[in-house]
Amino acid sequence: MTENEREIVRRITDVLEKMASGRKPSRIEYTETDAPDDSTLMELEAKVVELNNLYAESYRFILDLARGKLNGDPPPHNNFVTPFKQLQSELRHLTWQIEQIAAGDLDQMVYFSGDFSRAINQMIDDLREREELRQQLADSNHAKDKLFSIIAHDLRNPFNAIVGFSEMMVQMVNMASPADLKQFAEMIHTSAKQTYNLLLNLLEWSRVQTGRIDVKPMEGDLALLIRTNVNISSITAEPKQIQIYYDGGDSYPVTTDAAIFNTILRNLISNAIKYTPERGEIRISVDTNNRFYYISVHDTGMGMSEEDVQKLFRLDVIHTTNGTNQEKGTGLGLILCKEFVTMLGGDIYVESEKGKGSTFTFSIPK
Amino acid sequence: MGQTYNFAWDQLGDIEEGRPNLGNRTSVAVYRLMQYTMRAVLEAEYGDARTRELLVMAGRLAGSEFCKNVLDVSLPLNKFIAQLHKALIDLEVGVMRVEKSDPENLDFVVTVSEDLDCSGLPLKGVTVCDYDEGFIEGIFSVYTGQSFDVKEVDCWTTGERTCRFTIKKKAS
């Protein structure tokens with residue numbers, strides 16, 4: 001080996017030792033050695049110097065990356081830094097995803113390093129679960145508020161009437177005419193019936209809330225169920241001389257829970273009676289497709305504005321309107337209907353026009 | 001997007017009916033064969049700069065039609081991006097990741113890995129995803145109703161392993 005060649009080898013060794021030491025690298029200038037006997041050795045030195053310089057230029061970027069600075073600009077035209085740019089890209093995206101999660105976007109799914117992803121995704125699942133629990137708690141609070149509101153107002157008012165009129169009867173029993181006494185008794189009866197219906201609904205609703213209602217589908221005839229409900233409800237409709245018609249067919253085979261179905265239809269007909277003026281009419285019809293029956297209760301009553309329709313079926317909005325004869329309502333019946341229809345696997349819809357009447361339609365699977 | 005083009009989504013045809021056996025997929029090589037032979041002819045006819053412009057214009061038209069016909073533009077931005085991410089994976093176009101988003105100033109940086117157009121191509125020293133630039137621009141323009149400048153700053157063909165695009169709202 002010539003002296004020149006030994007000098008080149010010494011310089012190469014020096015550069016490689018510096019790179020291997022882990023110390024901060026610095027750029028070096030390549031100096032061509034005079035007249036080397038081995039041109040391959042010169043070429044090797046040039047390559048080692050180039051590698052050193054690529055490493056030196058990358059060093060700051062890699063160090064910044066290691067320190068969590070993700071916005072550093074990588075040196076241009078430097079393939080040495082390519083895998084670190086890839087890492088930078090992954091970390092930037094990960095940062096963005098974490099920001100989205102922090103802002104409440106729990107649909108994010110992280111794919112970055114197995115254990116890390118598993119931990120983050122587990123955390124997202126936990127957050128999602130907590131959010132669902134929080135929502136359930138909020139719903140439960142709305143339900144509680146609704147219950148208190150019903151007890152505070154809707155249950156108290158009919159009792160006030162019962163207490164008031166019965167007290168008047170006691171005081172006036174010797175002075176009042178039989179006609180007056182009959183009127184008092186009728187008022188007490190109306191209030192008591194109203195309270196009883198409300199209590200029935202409250203009881204059923206409380207069973208729904210506590211998950212104590214099981215759906216027990218049995219084969220039956222939908223037309224028969226409807227006709228039975230129409231007959232029972234006709235008695236309630238009599239004082240207002242409202243006619244209830246069933247416009248459907250003779251028989252519709254169905255597999256459903258008859259008790260739940262009856263509660264839904266009873267409430268919808270009761271509502272229709274409440275909001276239909278004297279001598280009005282209520283029509284019940286059935287439509288069908290391959291999977292569902294659609295039962296509609298159409299009245300010729302007061303109807304509702306679009307704004308009022310939006311408030312129906314909602315626990316968080318307390319919305320009631322008195323009936324045509326000032327019958328009281330709580331909105332609980334419709335909420336119960338919605339819950340029950342959902343339990344049967346169907347849905348409920350309303351079409352209404354103020355002054356013209358309403359149509360409540362609910363579906364149940366065949 | 002002042003220019004009107006003779007294109008409608010239904011020109012893509014009823015693929016299910018037309019290809020009952022071969023189905024809706026083809027190979028990446030076939031797609032690239034079409035893209036790069038067309039590019040080569042355009043370059044020979046119109047030169048490199050004009051070819052790039054034409055590819056961006058075609059990509060912009062494709063992106064805007066894709067957005068109108070495939071994506072739900074009523075979603076809020078984050079959901080829209082998640083939807084786009086999923087659509088590009090489902091269609092095996094690439095894996096899009098957001099590196100930076102500034103919704104207020106409509107300024108974004110996204111990367112696309114395993115890109116249909118370029119991943120695995122030989123090194124060229126210049127970017128080649130001009131069509132993708134236009135495609136992204138078309139999508140963002142339809143979604144926001146604003147005009148964008150989309151620039152590919154890193155590409156497989158410049159030695160990177162992922163394509164990186166800056167997306168900035170055009171100054172009005």
Side-chain angles (χ1 to χ4, degrees), chain A residues 47 50-51 53-55 57-58 61-62 64-65 67-114 116-117 120-121 123-125 127-128 131, chain B residues 71-72 75-90 94-115 118-127 129 132 136 151-167:
Chain A
K47 289 284 178 198
E50 187 190 353
L51 179 66
N53 289 346
L54 285 174
Y55 177 47
E57 285 163 6
S58 311
F61 176 75
I62 297 168
D64 280 350
L65 197 59
R67 289 171 175 166
K69 291 182 187 170
L70 303 182
N71 292 322
D73 288 325
H77 314 299
N78 185 328
N79 291 335
F80 191 85
V81 87
T82 297
F84 297 98
K85 280 183 74 176
Q86 185 65 32
L87 177 63
Q88 182 196 39
S89 171
E90 296 284 349
L91 291 173
R92 279 179 171 178
H93 177 61
L94 186 63
T95 305
W96 180 82
Q97 282 197 298
I98 301 289
E99 284 170 356
Q100 304 312 304
I101 294 164
D105 177 5
L106 301 180
D107 292 333
Q108 293 289 334
M109 181 69 96
V110 172
Y111 301 98
F112 179 79
S113 164
F116 181 84
S117 293
I120 292 280
N121 291 332
M123 189 183 76
I124 298 170
D125 284 346
L127 284 171
R128 199 181 293 120
E131 176 55 26
Chain B
L71 302 176
D72 179 357
L75 294 174
L77 181 65
N78 288 341
K79 299 272 182 202
F80 179 78
I81 287 174
Q83 174 195 216
L84 177 59
H85 169 86
K86 185 174 182 308
L88 295 181
I89 287 180
D90 288 348
V95 182
M96 189 195 79
R97 295 189 173 100
V98 178
E99 283 193 357
K100 184 185 130 188
S101 71
D102 178 355
E104 205 166 303
N105 297 308
L106 295 177
D107 189 352
F108 307 89
V109 177
V110 302
T111 62
V112 180
S113 302
E114 301 186 38
D115 183 58
C118 75
S119 292
L121 289 186
L123 278 177
K124 285 187 160 189
V126 290
T127 61
C129 300
D132 286 1
I136 294 170
K151 183 76 196 149
E152 187 186 29
V153 291
D154 287 325
C155 183
W156 185 285
T157 55
T158 60
E160 307 301 330
R161 285 298 172 267
T162 186
C163 296
R164 180 172 285 104
F165 298 88
T166 58
I167 305 161

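Reminder, nothing fancy here: chain letters follow the sequence lines and each chain counts from 1.
Here B:F80 pairs with B:Y143 under the ring pair (Phe, Tyr, Trp, His ring centres under 6.0 Å) rule; sequence neighbours left out. Take B:F108 and apply the ring pair (Phe, Tyr, Trp, His ring centres under 6.0 Å) test, not counting sequence neighbours, and it matches B:F140.
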Tabulate, with distances rounded to 0.1 Å, every donor-acceptor pair spanning chain A and chain B at under 3.5 Å.
unit_1	atom_1	unit_2	atom_2	d
B:N78	ND2	A:Q100	OE1	2.5
B:K79	NZ	A:D107	OD2	2.5
B:R97	NH1	A:E90	OE2	3.4
B:V98	N	A:H93	ND1	3.1
B:V98	O	A:H93	ND1	2.8
B:E99	OE1	A:R92	NH1	2.6
B:E99	OE2	A:S89	OG	2.8
B:S101	OG	A:W96	NE1	2.8
B:D154	OD1	A:K85	NZ	3.0
B:D154	OD2	A:K85	NZ	3.0
B:G159	O	A:T82	OG1	3.4
B:E160	OE1	A:K85	NZ	3.2
B:E160	OE2	A:K85	NZ	2.9

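With a threshold of 4.5 angstrom between heavy atoms, B:I81 approaches chain A through side-chain atoms but not through N, CA, C or O.
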